[in-house]
**Student:** 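Pasting a structure here, questions to come.
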Amino acid sequence: MKAQKDVPGIEISFSINFPFVSWFKDYNKEAFIRDLIAGATVAAVYVPQAMAYALLAGMPPIHGLYVAFIATIVASLFGSSRFLNTGPVAMTCLLSASVLYGLNLEPQTETWIKYMALLTLMVGLIRLTVGLFKLGFIVDLISNSVVVGFTAAGALVIALSQFGHLFGYKITSSTHIFDVIVDLISKIEMTNPYTLGIGILAYAIIWISKKINPYIPGALLAVIVTSFLVYQFKLYNFGVAIVGDVPQGLPSPEAPPFDFATMSKMWGGAFVVAFFGLIEAVAIAKTLAIRAGDKWDPNQELIGQGLANIAVSFFKGFPAGGSFSRSSLNFALHSKTPLASIISGALVGFTLFALAPAFYYLPKATLAAIVLSAVIGLIRPQDIIKLYRINKVDGVVAALTFGSVFFMDLWVAITLGVVLSLGAFVYKTMYPRIVILTRDPATKTFVNAEKKGLPECPQIMYIRPNMSIYFGNAQYVYDFIYSKVEESLFYGRPLRFVLIDMEAVNYIDATGAETVVRLTKDIQKLGVKVAFANIGCDVYPILENAGFDSIVETELVFNAKGESITKLFEKLDHNYCARTCKYVVFEECKTVKPKEKLQALATV
């Protein structure tokens, strides 16, 4: 289905496709076996992981299975990647919890669950809109430096948040690293040795399983072993917290509460959760598609993500996203179609409907160990140091994003990082590099006169702004060029032309165009003519609209450097060139200087 609406000067279009229709073209038994193996293997990892990640979102563990069942199937049906597995994701869960912490809600309460469903609906609508209107490029506004800083900090927050379950006592519900560390240390004497022992055993099982073979479902083994120990030795009587009663099946569909006052407070956080999740999903799908040589559609992927979250919101779920670990497992097991993820989701559904009571004795410490094993490798402050060595600004942005998590809600911290990175970029564009050019006698090319220490033609100032001109830097461009001209005249330079090379100006807005026109007028008032070279075809019409043609002579607008110098040289004071000028800057200089003077002058 396609819809399109035209507005003068703007084209808005969206489309909904049904990619699952083409799955079974040339599908065979071998492909089905591949999908079945991949789906079953991922499901073995998925069930305990989904329950563990639910705790990160402040939700009861069973809600992780709701999300895993519904989101995985819906996203697979409407996405474009055969590998991407959508469901509970650690960072997305943590970000979502940080939004509700800002509303002063208590995790795992009925109110928390309802407003988490509302947040999920908002996230789904944002992602669906981005996909329908093909606005996926917006995610590029979140720079890699922000992602690096946030990922390291987020992983640290996740790890710290699990130590309460691991040690057996309740810690503060916050995503502020500093607050959590203080609370954790102040209660350390309350540590339950049985709970800690279960947690360490679960982590050891997962770690050893990975070392033996990465395809061994270590998390599932940890769940089975530790649940058996709790049941067999009645460790719940010794303070080991367990999941307890787990309802079978899905809850009845229920619309999230449309509390517009609360929604107005949540939109900022919803956009952050939505866009950070988009970065994860797009990056994972793109990477795996390139490795496999697949075609994929990022906007279709976002449609799948949006519909999945909308569906989940009606079943007391929390925001879902693309999982790197589960998607990589699909890739490693050579799944042939998204049916592999459908099978994973279906097996989670089977567990939800048939095996839910079996999780009664599952220790929460085991869920904490599963989370820790997934995120511990993401705490990489060395990546921030590496960024700083490559580019100091990016390193500082990453470090500030990381540091802000110690005192701010996660979604606020990542927003601050985005603002800082965009601000640094805008600041840099406000002061573009403007170069005075001259001809290099050795290479016969035009180079930076000041950097090379080469003389300019006294009668022609050849200048080039090395960036597009817009409202943020237009005045700086004006001030720089005008002051250079004014300074040259003050010291007696016989300047006749200012040649502005527009080769690097790929874009100019209305403010920039008006400023260029004003600059031209003001320089001409000083008795110096202004010429232009290499004006782009996208730039010239905007200059025309600003009145450029009325103040610049047609014969002073050139298509190339060589042409501009040749024509302008014809208009110079050749008597000055022959008798006074000490330099041979252009080849044309040799045509007007006496031979004896050429021999006496050092050609530079």
Side-chain angles (χ1 to χ4, degrees), residues 426-439 446-536 538-558 561 564-565 567-569 571-573 576 581 583 585-586:
V426 171
Y427 181 80
K428 185 176 180 181
T429 65
M430 289 177 68
Y431 302 96
R433 189 162 172 258
I434 303 176
V435 179
I436 304 293
L437 297 174
T438 191
R439 181 175 165 276
F446 289 97
V447 297
N448 186 330
E450 295 172 338
K451 185 176 181 181
K452 292 285 187 177
L454 295 172
E456 304 171 58
C457 170
Q459 297 186 69
I460 300 176
M461 178 182 288
Y462 189 5
I463 194 163
R464 182 181 68 204
N466 277 347
M467 189 173 287
S468 295
I469 302 173
Y470 74 108
F471 66 90
N473 63 21
Q475 189 59 43
Y476 174 79
V477 173
Y478 174 97
D479 292 340
F480 185 95
I481 297 177
Y482 187 82
S483 64
K484 286 288 184 183
V485 175
E486 203 172 35
E487 181 184 3
S488 296
L489 295 175
F490 177 80
Y491 286 106
R493 180 174 173 178
L495 193 61
R496 306 196 76 174
F497 294 99
V498 173
L499 174 59
I500 301 177
D501 189 346
M502 302 283 281
E503 184 176 26
V505 181
N506 298 314
Y507 169 78
I508 193 167
D509 66 0
T511 303
E514 290 174 346
T515 302
V516 168
V517 170
R518 178 163 58 91
L519 173 66
T520 302
K521 288 179 180 178
D522 290 350
I523 291 176
Q524 288 174 346
K525 288 177 183 178
L526 297 175
V528 180
K529 291 189 175 182
V530 182
F532 290 85
N534 298 310
I535 301 177
D538 293 330
V539 171
Y540 197 90
I542 300 173
L543 289 172
E544 275 187 313
N545 294 337
F548 179 80
D549 286 351
S550 65
I551 56 111
V552 178
E553 299 174 24
T554 304
E555 61 182 16
L556 294 182
V557 179
F558 306 102
K561 296 182 180 72
S564 62
I565 296 300
K567 295 295 183 182
L568 291 181
F569 189 83
K571 302 175 184 295
L572 300 184
D573 180 355
Y576 177 87
C581 182
Y583 311 112
V585 176
F586 309 122

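Numbers here are sequence positions counted from 1.
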**Student:** Distance check, rounded to the nearest 0.5 Å: Glu486 atom CD versus Asp479 atom CG?
**Tutor:** 10.5 Å

**Student:** Side chains of Val517 and Glu514: closer than 4.5 Å at any heavy-atom pair?
**Tutor:**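 Counting from C-beta outward, Val517 and Glu514 never come under 4.5 Å.
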
**Student:** Treating Thr438 as the side-chain partner and Leu454 as the backbone partner, does any N or O pair qualify as donor plus acceptor under 3.5 Å?
**Tutor:** no

**Student:** Is a side-chain N or O of Gln459 found less than 3.5 angstrom from the main chain of Asp573, in a donor-acceptor match?
**Tutor:**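 Answer holds: yes.
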
**Student:** Quick one: does Pro432's side chain get under 4.5 Å of Pro465's, heavy atoms only?
**Tutor:** no

**Student:** Look up atom CG in Asp501 and atom CD1 in Ile434, then write down how far apart they are to the nearest 0.5 Å.
**Tutor:**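 It is 12.5 Å, given to the nearest 0.5 Å.
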
**Student:** How many angstroms lie between CD1 in Ile508 and CG in Asp538, if you round to the nearest 0.5 Å?
**Tutor:**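 Rounded to the nearest 0.5 Å, the CD1-CG separation comes out at 12.0 Å.
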
**Student:** Could you walk me through whether Tyr462 and Phe446 pass ring-ring contact (aromatic ring centres under 6.0 Å, His included), step by step?
**Tutor:** CA-CA 10 Å; Tyr462 189 5; Phe446 289 97; 5.3 Å; yes

**Student:** Are Tyr507 and Ile469 close enough that some pair of their side-chain heavy atoms sits under 4.5 Å apart?
**Tutor:**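 Contact flag for Tyr507/Ile469 side chains = no.
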
**Student:** Counting only N and O atoms by type, is there a donor-acceptor contact under 3.5 Å from the side chain of Arg439 to the main-chain atoms of Val585?
**Tutor:** yes

**Student:** If we ignore angles and hydrogens, is there a donor and acceptor under 3.5 Å between the side chains of Tyr540 and Asn545?
**Tutor:** no

**Student:** Should Asn534 and Phe558 count as side-chain neighbours, where that means a heavy-atom distance under 4.5 Å?
**Tutor:** no

**Student:** Using a strict 4.0 Å threshold on nitrogen-to-oxygen distance, state whether Arg493 and Glu487 make a salt bridge.
**Tutor:** no

**Student:** Nearest 0.5 Å, please: how far is CG in Leu495 from OG in Ser488?
**Tutor:** 6.0 Å

**Student:** Answer yes or no: is there a donor N or O on one side and an acceptor on the other, between the side chain of Asn473 and the main chain of Tyr476, under 3.5 Å?
**Tutor:**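 Checked: no pair found.
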
**Student:** Do Ile481 and Leu519 have side chains that get closer than 4.5 Å, going by heavy atoms?
**Tutor:**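 They are in side-chain contact.
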
**Student:** How many angstroms lie between CZ in Phe471 and CG in Asp509, if you round to the nearest 0.5 Å?
**Tutor:**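 The CZ atom of Phe471 sits 7.0 Å away from the CG atom of Asp509.
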
**Student:** Taking NZ, NE, NH1 and NH2 as the nitrogens, is one of them in Glu555 or Lys571 under 4.0 Å from a carboxylate oxygen of the other?
**Tutor:** yes

